Trainee: 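Here you go, one structure.
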Amino acid sequence: MTSDAQSQEVTDGFHLVIDALKLNGIDTIFGLPGIPITDLTRKAQAAGMRVISFRHEQNAGNAAAIAGFMTQKPGICLTVSAPGFLNGLTALANATTNCFPMILVSGSSEREIVDLQQGDYEEMDQLAIAKPLAKAAFRVLHAADIGVGIARAIRAAVSGRPGGVYLDLPAKLFAQTMDAEAGKKSLIKVVDPAPRQIPAQDAVQRALELLNSAKRPLILLGKGAAYAQADADIRALIERTGIPYLPMAMAKGLLPDTHEQSAAAARSYVLPAADVVMLVGARLNWLLSHGKGKTWGGKEHKDWGGQKFIQIDISPQEMDSNVRIDAPLVGDIGSCVSALLAGIGSNWARPPADWLSAIAERKNKNLAKMAETLARDPTPMTYHSALAVVRDIIKANPDAILVNEGANALDFTRSIVDMYKPRKRLDVGTWGIMGIGMGFSIAAAVVSGQPVIAIEGDSAFGFSGMEVETICRYNLPVCVVIFNNNGVYRGTDINPIGGPDVAPTVFVKGARYDKLMEAFGGVGAHATTPAELRRAMEEAIRSKKPTLINAVIDETAGTESGRITSLNPKSAKQN
Ligand code: ADP
Ligand code: TZD
């Protein structure tokens, strides 16, 4: 081809968006087509990208977010204007809250009309609405700026503390054309999108000295530690110091939950008793009782327990957010942990034996008690007897990814089902949000190719249940297990005035969720005993077929809000 002929070739907004994503190693889009992005989905597929089409944008957004968590590359969610954008926005906000890197790319309507509020098709000032919920938000108006727009979105999503980024692409942009060669030159392959942040040496020294002075040290691993993919060094830090550790829900499996240094089964003992606590990618938010109060040995709920804290986090502003951080260690977890390891050397004194034996004693007692409960086989099936099965299945299939949502279905699964490998447990995260189930499951299967097991409360499942069609359409190895207890938390509430409406927490009794999966060609199974559940799950893993198991759970078994009953406001007024 002559250079003359080349310069006559043109490209357009559609292709520049696709080329910019591909140039940056992004090969998958989670989305839902419609004006103005239908052709973008078609052209992306034609260009060899994987385009996973959902039934609701929130699920596509959740898929993008968890793909970002699993891969350290921003997950892409693609939506149409106004309502599609808003549907995706919950997932974007949830991603930002959880520090998951994703980019919500949304088509938008004509700027001139939107800004004069003249009533365009799906009119909305999307950029303004996304801004407070995203880590960053950008709009591209000219095809020549697409490369910069995508580069900025990628950097914003994955550098520093990861988060959700909004990228607004007005309809007119896609149709714009420009010289193909100039277009190609305008694209940016982002160099080092998440630069390492090396901690200061004096901060490392301060942390080591504090850790060394501890009589009852404890390490807390959060989902930031799982995200960082510094698995071997984190394990070395724990094993070389001999310090007991607690994994937060999504850090389970960073070291196998069966590790002898895991203090998970003695949590209520170690939190108040520890004297020095090192947080690795975990915030002292509500999930850790804000680092104070009775959980931490404080007298009243605002009182500090007297622990000293070391906190490893990439965000300097996280320090002192709830209690004093005595040794802040700001940097990326990989760099911080390797700096600590260098300082620890090979002859670090193990923690005092009385601390370790006190933990072991509690742990063994609690584990024995749990083993007894799990061995029972009551009728109807309970959370415990069903989860004894799930626990065995995960043990036999440690590469399977466990997705988990609900209240009781969440809390019991988290405490009963051991994880053996990093980033295999994906759940409701920082908000305790319902609705992540099918989006996370789909992304986990697409990104990893591994089997996915989703343990779902019947209420939780309802938020994204229609995506079982998506699971069947892409023939994904997802086994959804619904813990069906006929309602939110339990199925036993009654209408206090006895009218025809059931209580607000109660669903149709004896619903057969398995039929939903069958409607789309997947495998449905109905399990009323642990033996039936085991057979159905083993078959799902073996066949890799989309499967939904309706596991009937005693409707009296749950508690209000699971383990967080106390967060329900109770009026001081006497009835
Ligand atoms: P959990 O819910 O498991 O306790 P959080 O979501 O509260 O975990 O905390 C995760 C923390 O990890 C956030 O404060 C975030 O800034 C931090 N983080 C995420 N990625 C990294 C990284 N690569 N290096 C250091 N800190 C990180
Ligand atoms: N809406 C959203 C988006 N997130 C929420 N967390 C809730 C509502 C409130 N909620 C919970 O916190 S758990 C839950 C709801 C509705 C469902 C619990 O019922 P379940 O699980 O059937 O999923 P269990 O096992 O019956 O407790």
Side-chain angles (χ1 to χ4, degrees), residues 58 62 69 72 90-91 94 96-101 135 158-163 194-197 199 220-230 234 246-252 254 279-288 311-319 321 329-337 382-383 386-387 404-413 425 427-437 455-464 482-492 504-507 551 553-555 557-565 567-568:
Q58 189 177 120
N62 285 325
F69 170 76
Q72 296 183 328
T90 304
N94 187 56
T96 305
T97 299
N98 281 281
C99 318
F100 298 156
K135 186 181 166 194
V158 297
S159 62
R161 171 183 278 177
R196 284 196 300 157
Q197 297 195 16
L220 272 173
L221 300 175
K223 60 170 124 55
Y227 174 77
Q229 298 197 15
I234 289 172
L246 275 182
M248 299 300 286
M250 283 177 61
K252 275 166 69 77
L254 210 40
L279 301 155
V280 186
R283 288 170 286 188
L284 284 175
N285 57 17
W286 70 279
L287 285 158
L288 284 168
Q311 183 161 25
I312 304 183
D313 206 290
I314 202 154
S315 166
Q317 290 178 69
E318 189 54 40
M319 308 300 154
S321 53
L329 192 49
V330 175
D332 71 278
I333 286 167
S335 301
C336 291
V337 171
T382 59
Y383 289 100
L387 284 167
N404 190 200
E405 61 177 337
N408 296 279
L410 176 88
D411 294 333
F412 287 125
T413 305
R425 185 187 152 87
D427 69 24
V428 299
T430 303
W431 268 350
I433 190 172
M434 298 297 112
I436 48 86
I455 304 297
E456 301 271 314
D458 50 338
S459 164
F461 172 73
F463 289 75
S464 66
I482 296 183
F483 279 14
N484 186 355
N485 62 356
N486 299 335
V488 178
Y489 312 137
R490 269 184 313 252
T492 49
T505 56
V506 166
F507 294 157
I553 301 288
D554 184 350
E555 65 172 9
T559 58
E560 181 95 357
S561 306
R563 284 186 54 170
I564 50 175
T565 309
L567 298 185
N568 287 293

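Small disclaimer: the values here were computed from a predicted structure and weren't measured. Just so you know, ligand 1 is whichever comes first in the structure, and atom 1 is the first atom listed for that ligand.
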Trainee: Can you check whether Asp313 has an N/O within less than 3.5 Å of an N/O in ligand 1?
Mentor: yes

Trainee: So is Ala251 in contact with ligand 1, going by heavy-atom distances below 4.0 Å?
Mentor: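 For ligand 1, residue contact (heavy atoms, under 4.0 Å) with Ala251 is absent.
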
Trainee: Return yes or no for this condition: an N or O of Gly406 is under 3.5 Å from an N or O of ligand 2.
Mentor: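 No - when backbone and side-chain N and O of Gly406 are compared with those of ligand 2, no distance drops under 3.5 Å.
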
Trainee: Looking only at N/O atoms, are Arg283 and ligand 1 under 3.5 Å apart anywhere?
Mentor: yes

Trainee: Rounded to the nearest 0.5 Å, what separation is found between the CG atom of Asn404 and the CG atom of Leu410?
Mentor: 5.0 Å

Trainee: Does the side-chain contact (heavy atoms from CB on, under 4.5 Å) test come out yes or no for Trp286 and Ile564, once each step is laid out?
Mentor: CA-CA 10 Å; Trp286 70 279; Ile564 50 175; 3.9 Å; yes

Trainee: May I ask you to check whether Ala460 has an N/O atom sitting below 3.5 Å from an N/O atom of ligand 2?
Mentor: yes

Trainee: What protein heavy atom sits nearest atom 17 (C) of ligand 2, and how far off is it?
Mentor: Ser459 OG, 3.4 Å

Trainee: What's the verdict on side-chain contact (heavy atoms from CB on, under 4.5 Å) for Met250 and Asp427, showing C-alpha distance, side-chain angles and the deciding distance?
Mentor: CA-CA 7 Å; Met250 283 177 61; Asp427 69 24; 3.6 Å; yes

Trainee: Measure Asn408 to ligand 2 on non-hydrogen atoms and call it side chain, backbone, both or neither using the 4.0 Å cut-off.
Mentor: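 Asn408 to ligand 2: contacts from backbone and side chain alike.
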
Trainee: At under 4.0 Å between heavy atoms, which part of Phe461 makes contact with ligand 2: side chain, backbone, both or neither?
Mentor: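 Contact part for Phe461 vs ligand 2: neither.
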
Trainee: Considering non-hydrogen atoms of the protein only, which is the closest contact for atom 24 (N) of ligand 1, and what is the distance?
Mentor: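 The closest heavy atom on the protein side is Ile333 N, 2.9 Å.
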
Trainee: Any idea which protein heavy atom is nearest atom 8 (C) of ligand 2, and the distance to it?
Mentor: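 Nearest protein contact, heavy atoms only, for atom 8 (C) of ligand 2 is Phe463 CZ, 4.0 Å.
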
Trainee: Would you mind running through ligand 1 and noting each atom that sits below 4.0 Å from a heavy atom of Tyr227?
Mentor: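 In order of numbering, the contacting atoms are 20 (N).
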
Trainee: Report the nearest protein non-hydrogen atom to atom 25 (O) of ligand 2: residue, atom name, distance rounded to 0.1 Å.
Mentor: Tyr383 OH, 2.7 Å

Trainee: Can you tell me if Asp411 uses its side chain to pair, donor with acceptor, with the backbone of Arg563 under 3.5 Å?
Mentor: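 Checked: pair present.
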
Trainee: Please evaluate residues Ile433 and Thr90 with respect to the criterion side-chain contact (heavy atoms from CB on, under 4.5 Å), reporting the C-alpha separation (whole Å), side-chain torsions for both, the decisive distance (0.1 Å), and the verdict.
Mentor: CA-CA 10 Å; Ile433 190 172; Thr90 304; 4.0 Å; yes

Trainee: For the side chain of Thr565 and the backbone of Glu560, is there at least one donor-acceptor N/O pair under 3.5 Å apart?
Mentor: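 Yes; at least one donor-acceptor contact below 3.5 Å.
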
Trainee: Would you please say whether a donor-acceptor pair under 3.5 Å links the side chains of Asn485 and Tyr383?
Mentor: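 Yes, because at least one side-chain N or O of Asn485 sits under 3.5 Å from a partner of the opposite role on Tyr383.
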
Trainee: Using only atom types and a distance under 3.5 Å, with no angle test, would you say the side chain of Asn484 pairs donor to acceptor with the backbone of Asp458?
Mentor: no

Trainee: Looking only at protein heavy atoms, identify the closest one to atom 6 (N) of ligand 2 and say how far it is in Å.
Mentor: Gly432 O, 2.8 Å

Trainee: So, regarding Arg161 and ligand 1 (criterion: nitrogen or oxygen to nitrogen or oxygen, under 3.5 Å), is there a contact or not?
Mentor: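 Yes, Arg161 has an N/O under 3.5 Å of an N/O on ligand 1.
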
Trainee: Show me which atoms of ligand 2 lie under 4.0 Å from any heavy atom of Ala407.
Mentor: 13 (S), 18 (C), 21 (O), 24 (P), 27 (O)

Trainee: Examine the side chains of Thr382 and Asp554 and answer whether a donor and an acceptor come within less than 3.5 Å of each other.
Mentor: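 Side-chain D/A pair, Thr382 to Asp554: absent.
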
Trainee: Among protein heavy atoms, which sits nearest to atom 22 (O) of ligand 2, and what does the distance come to when rounded to 0.1 Å?
Mentor: Asp458 OD1, 2.6 Å

Trainee: side-chain contact (heavy atoms from CB on, under 4.5 Å) between Phe69 and Asn98: does it pass, once the steps are laid out?
Mentor: CA-CA 9 Å; Phe69 170 76; Asn98 281 281; over 6 Å; no

Trainee: Please check: side-chain N/O of Asn62 versus main-chain N/O of Gln58, any donor-acceptor pairing under 3.5 Å?
Mentor: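 Between the backbone of Gln58 and the side chain of Asn62 there is a qualifying donor-acceptor contact (under 3.5 Å).
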
Trainee: Measure the distance from atom 2 (O) of ligand 1 to every protein heavy atom, then report the residue, atom name and distance (to 0.1 Å) of the closest one.
Mentor: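 Of the protein heavy atoms, Lys223 NZ, 3.0 Å lies nearest.
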
Trainee: Does ligand 1 have a heavy atom under 4.0 Å from the side chain of Cys99, from its backbone, from both, or from neither?
Mentor: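 It is the side chain that touches ligand 1; the backbone stays farther off.
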
Trainee: Test your reading of the model: is there a side-chain donor-acceptor pair from Asp313 to the backbone of Met319, 3.5 Å cut-off?
Mentor: no

Trainee: With distance as the sole test, does Lys223 use its side chain to make a donor-acceptor pair with the main-chain N or O of Phe100 at under 3.5 Å?
Mentor: no

Trainee: Mark the output for Gly331 as yes if a heavy-atom distance to ligand 1 is under 4.0 Å, and as no if none is.
Mentor: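 Yes, Gly331 has heavy atoms under 4.0 Å from ligand 1.
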
Trainee: Determine whether the side chains of Asn568 and Ser561 contain a donor N or O and an acceptor N or O closer than 3.5 Å.
Mentor: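 Note: Asn568 and Ser561 side chains meet the donor-acceptor criterion.
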
Trainee: Is the shortest side-chain heavy-atom distance between Ser159 and Lys135 below 4.5 Å?
Mentor: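 Yes, side chains in contact.
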
Trainee: Give a yes or no answer on whether the side chain of Glu405 reaches the backbone of Ser459 with a donor-acceptor pair at less than 3.5 Å.
Mentor: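 No, Glu405 side chain to Ser459 backbone: no donor-acceptor pair under 3.5 Å.
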
Trainee: Examine Met248 against ligand 1 and note whether any of their N/O atoms are separated by less than 3.5 Å.
Mentor: no

Trainee: Tell me which protein heavy atom sits closest to atom 11 (C) of ligand 2, plus the residue, atom name and distance to 0.1 Å.
Mentor: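 Here the nearest protein heavy atom works out to Tyr489 OH, 3.9 Å.
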
Trainee: So if I count the atoms of ligand 1 from 1 in the order they appear, which ones are less than 4.0 Å from some heavy atom of Asn285?
Mentor: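 Listed by number with element: 7 (O).
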
Trainee: Short list, please: which atoms of ligand 2 are under 4.0 Å from a heavy atom of Gly487?
Mentor: 22 (O), 26 (O)

Trainee: Given Gly224, Gly222, Pro101, which has its nearest heavy atom closest to atom 12 (O) of ligand 1?
Mentor: Gly224

Trainee: Ligand 1 and Ile314, any nitrogen or oxygen pair closer than 3.5 angstrom?
Mentor: yes

Trainee: I'd like to know if the side chain of Glu456 and the backbone of Gly406 have a donor-acceptor N/O pair within less than 3.5 Å.
Mentor: no

Trainee: State the atoms of ligand 1, each with its element, that fall below the 4.0 Å cut-off from a heavy-atom position in Gly281.
Mentor: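 Matching atoms, with element in brackets: 8 (O), 9 (O), 10 (C), 11 (C), 12 (O).
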
Trainee: Name the closest protein heavy atom to atom 26 (O) of ligand 2, giving the residue it belongs to and the distance to 0.1 Å.
Mentor: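 Here the closest protein heavy atom is Asn485 ND2, 3.1 Å.
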
Trainee: Which heavy atom of the protein is the closest neighbour of atom 23 (N) of ligand 1, given with residue, atom name and distance?
Mentor: Ala228 CB, 3.9 Å

Trainee: Tell me, which protein residue and heavy-atom name are nearest atom 7 (C) of ligand 2, and how many Å apart are they?
Mentor: Met434 CG, 3.9 Å

